[in-house]
**Q** 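One structure, pasted below without further comment.
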Amino acid sequence: MTECSGKVALVTGAGSGIGAACARRLASAGAQVVLTDRHPDGVKEVAAQIERDGGAAIALEADVTDPDAIERAVQAAVGTFGRLDLAVNNAGITAGREPVGTTPAEDWQRVLDVNLSGVFYSMRAEIAAMLHGDGGSIINMASVFGTVGFAGSAPYVAAKHGVIGLTKTAALEYATRRIRVNAVAPGFVDTPLLHVDGRRQRGAALMAPINRLGTAEEVAEVVVFLLSDRASLVTGSVYLADGGLSAR
Ligand SMILES: NC(=O)c1ccc[n+]([C@@H]2O[C@H](COP(=O)([O-])OP(=O)(O)OC[C@H]3O[C@@H](n4cnc5c(N)ncnc54)[C@H](O)[C@@H]3O)[C@@H](O)[C@H]2O)c1
């Protein structure tokens with residue numbers, strides 16, 4: 001399938017899990033892909049795999065909490081491939097499980113910095129580049145916990161609700177300027193994010209009605225559909241990919 005042929009895509013947090021799956025799926029759909037992550041090893045490996053499979057990809061080290069690093073990554077995308085059309089703002093972290101009353105301020109700040117400010121800095125740089133081109137399509141990685149609460153994860157839940165507000169606002173601002181902005185809200189997906197010290201956390205206890213965890217590849221399918229012109233009418237929306245978790 002080559003629905004993204006001729007398009008240039010940037011993915012943050014592309015060295016692992018959902019971001020890596022999105023980068024691979026975008027490449028298989030014909031996009032030239034810029035993979036960014038705060039850890040260089042994962043993105044180098046995924047980019048090399050894409051190239052071995054006949055795709056075009058570059059790997060860059062960029063921390064989404066550093067606005068200058070993100071600007072440089074977007075400039076590198078334009079410098080290398082000539083344009084930026086698609087973006088997946090996916091980098092994200094979790095913190096320890098604590099109720100609000102005992103959540104450390106540093107956990108709050110760290111999660112907000114990566115999961116919310118990181119999306120803002122990324123979108124700001126991407127939109128500037130897209131306005132210079134032919135417009136574009138952006139996916140912000142939210143979570144089902146951007147739509148409902150989850151006891152013990154206040155920073156994560158607050159940040160993901162923020163991502164959805166940011167997504168809707170940017171969609172309104174750029175709707176007439178050919179930039180679509182949507183959020184994807186996965187439920188529990190089997191990635192390293194769910195594992196601590198080699199053991200799966202949370203996911204097993206909160207299984208979705210489909211009775212299994214999602215896969216990163218299943219999320220990537222939704223992402224690439226929304227990025228593609230097949231979703232030309234879709235902007236400002238939140239697409240749940242949670243196996244029915246929030247339908248209960
Ligand atoms: N796995 C799930 O169950 C699940 C569910 C809902 C939403 N999500 C969201 O999906 C996104 C990807 O999660 P995942 O499950 O693939 O996790 P993951 O841990 O496998 O991958 C996250 C990637 O983001 C990178 N990253 C972290 N902080 C960064 C920073 N400051 N700058 C740049 N890169 C950074 C990590 O190095 C890693 O490569 C996150 O936003 C997460 O909140 C995951």
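When a ligand or atom number is given, it counts from 1 through the structure's own listing order.
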**Q** Which atoms from ligand 1 have a heavy atom of F188 less than 4.0 Å away?
**A**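 So the atoms of ligand 1 that pass are 3 (O).
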**Q** Should the pair E221-R25 be classified as a salt bridge under the 4.0 Å nitrogen-to-oxygen rule?
**A**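 Counted as a salt bridge, because a side-chain N and a carboxylate O are separated by less than 4.0 Å.
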**Q** At less than 4.0 angstrom from any non-hydrogen atom of M141, what atoms of ligand 1 do you find?
**A** 9 (C), 10 (O), 11 (C)
**Q** Which ligand 1 atoms does A62 reach within 4.0 Å, using its non-hydrogen atoms?
**A** 32 (N), 33 (C)
**Q** Taking only Lys NZ, Arg NE, NH1 and NH2, and the carboxylate oxygens of Asp or Glu, determine whether R38 and E61 approach each other closer than 4.0 Å.
**A** no
**Q** Answer yes if the side chains of T103 and D107 hold a donor-acceptor pair under 3.5 Å, and no otherwise.
**A**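 Result is no, nothing qualifies.
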**Q** Name the option, out of R38, R110, K160, that contains the heavy atom nearest to atom 33 (C) of ligand 1.
**A** R38
**Q** What atoms of ligand 1 come closer than 4.0 angstrom to any heavy atom of H39?
**A**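 Every atom of ligand 1 under 4.0 Å from some heavy atom of H39: 37 (O).
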**Q** Flag the pair R24 and D53 as a salt bridge only when some basic side-chain nitrogen lies within less than 4.0 angstrom of an acidic carboxylate oxygen.
**A** no
**Q** So, the side chain of S246 versus the backbone of V148: is there a donor-acceptor pair under 3.5 Å, distance only?
**A** no
**Q** Do the charged groups of K7 and D229 touch, with an N to O distance under 4.0 Å?
**A**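 A salt bridge links K7 with D229.
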**Q** So for A185, does at least one of its heavy atoms come nearer than 4.0 angstrom to any atom of ligand 1?
**A**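 Contact absent.
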**Q** Report the part of V64 (side chain from C-beta onward, or backbone N, CA, C, O) that has a heavy atom under 4.0 Å from ligand 1; answer both or neither where that applies.
**A**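 Answer for V64: both.
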**Q** Does NZ or CZ of R212 fall inside the cone over F188's six-membered ring, less than 6.0 Å from its centre and within 45° of the axis?
**A**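 No, R212 and F188 do not form such a contact.
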**Q** Below 4.0 angstrom from a heavy atom of G17, which ligand 1 atoms are there? Numbered from 1 as shown, please.
**A**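 In order of number, 16 (O), 20 (O).
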**Q** For ligand 1, does A14 get within less than 4.0 Å through its side chain, its backbone, both, or neither, judged by non-hydrogen atoms?
**A** neither
**Q** Enumerate the atoms of ligand 1 whose separation from the nearest heavy atom of L194 is less than 4.0 angstrom.
**A**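 What qualifies from ligand 1 is 3 (O).
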**Q** Using a 3.5 Å distance criterion without hydrogens, assess whether the side chain of D85 forms a donor-acceptor pair with backbone atoms of V8.
**A**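 Between the backbone of V8 and the side chain of D85 there is a qualifying donor-acceptor contact (under 3.5 Å).
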**Q** State the atoms of ligand 1, each with its element, that fall below the 4.0 Å cut-off from a heavy-atom position in I93.
**A** 27 (C), 28 (N)
**Q** Backbone, side chain, both or neither: what part of F145 comes under 4.0 angstrom of ligand 1, heavy atoms only?
**A** neither
**Q** Considering only heavy atoms, which of G19, G92, P192 lies nearest to atom 22 (C) of ligand 1?
**A**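 Nearest heavy atom to atom 22 (C) of ligand 1 lies in G92.
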**Q** For atom 7 (C) of ligand 1, which of A216, G118, A142 has the closest heavy atom?
**A** A142
**Q** Touching ligand 1 at all, N90? Heavy atoms, strictly under 4.0 Å?
**A** yes
**Q** Quick one: CG on L10 to OG on S122, what's the gap to the nearest 0.5 Å?
**A**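 So the gap between those two atoms works out to 7.5 Å.
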**Q** For ligand 1, which is the ligand I care about here, please tell me if S143 has any N or O atom under 3.5 Å from one of the ligand's N or O atoms.
**A** no
**Q** Any N/O of D37 closer than 3.5 Å to an N/O of ligand 1?
**A** yes
**Q** Would a distance-only check, ignoring hydrogens and angles, find a side-chain to backbone donor-acceptor pair under 3.5 Å from D66 to A69?
**A**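 Present.
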**Q** Is there any N or O on V114 that sits under 3.5 Å from an N or O of ligand 1?
**A** no
**Q** List ligand 1 atoms under 4.0 Å from I18, heavy atoms only on the residue side.
**A** 10 (O), 16 (O), 44 (C)
**Q** Under the 3.5 angstrom rule, does the side chain of T12 hit a backbone N or O of N90 as a donor-acceptor pair?
**A** yes
**Q** Would you please classify the geometry between the Y239 ring and the F225 ring as parallel, tilted or perpendicular, with 30° and 60° separating the classes?
**A** tilted
